[in-house]
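See below for the structure under consideration.
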Amino acid sequence: MGHGPLKIDPAIERFNTMREDAYLNFRWTNRTVRTAVLGLVVVPAAVYYLADKYYVRGHPTSLRRP
């Protein structure tokens, strides 16, 4: 523990370099478009729909004043 220099693993270094430069190699493909639409449109729309559907307007607890 803490004795001598740290051993550097070349595989971990390559992986970290790949992660740091991922935006440089990004391409729009069918898969990335599908993922973007799912995460930026479908999921928020579903959350909004469910929140709006189950929100109870005029419920006695929402009419109480502090």
Side-chain angles (χ1 to χ4, degrees):
M1 284 178 77
H3 301 291
L6 179 67
K7 273 190 148 181
I8 297 175
D9 186 356
I12 293 175
E13 294 299 319
R14 283 193 309 271
F15 177 74
N16 285 335
T17 302
M18 179 191 68
R19 285 186 56 219
E20 291 169 1
D21 296 337
Y23 71 97
L24 297 173
N25 298 321
F26 180 78
R27 298 286 182 262
W28 284 106
T29 62
N30 289 337
R31 183 177 181 180
T32 57
V33 169
R34 182 175 54 240
T35 303
V37 168
L38 185 68
L40 298 174
V41 176
V42 175
V43 171
V47 169
Y48 175 78
Y49 172 75
L50 292 172
D52 190 50
K53 180 179 179 183
Y54 291 109
Y55 177 70
V56 181
R57 290 177 181 86
H59 191 269
T61 58
S62 66
L63 297 176
R64 273 192 263 156
R65 298 185 192 239

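Among all heavy-atom pairs drawn from Pro44 and Leu40, the shortest one is CG-O, 3.7 Å.
Ile8 CD1: 12 or fewer foreign heavy atoms inside a 6.0 Å radius.
Through ILVMFWY side-chain contacts below 4.5 Å, Tyr48 is grouped with nothing and stands alone.
Each of Val37, Thr35, Thr29, Asn30 was checked for a side chain to side chain contact (heavy atoms under 4.5 Å, CB included) with Val33, and the lone residue meeting it is Val37.
Residues that satisfy the ring pair (Phe, Tyr, Trp, His ring centres under 6.0 Å) test with Phe26, not counting sequence neighbours, are Trp28.
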N/O donor-acceptor pairs under 3.5 Å from side chains in residues 14-22, not counting sequence neighbours:
from  : atom 1 : to    : atom 2 : distance (Å)
Asn16 : ND2    : Ile12 : O      : 3.4
Thr17 : OG1    : Glu13 : O      : 2.9

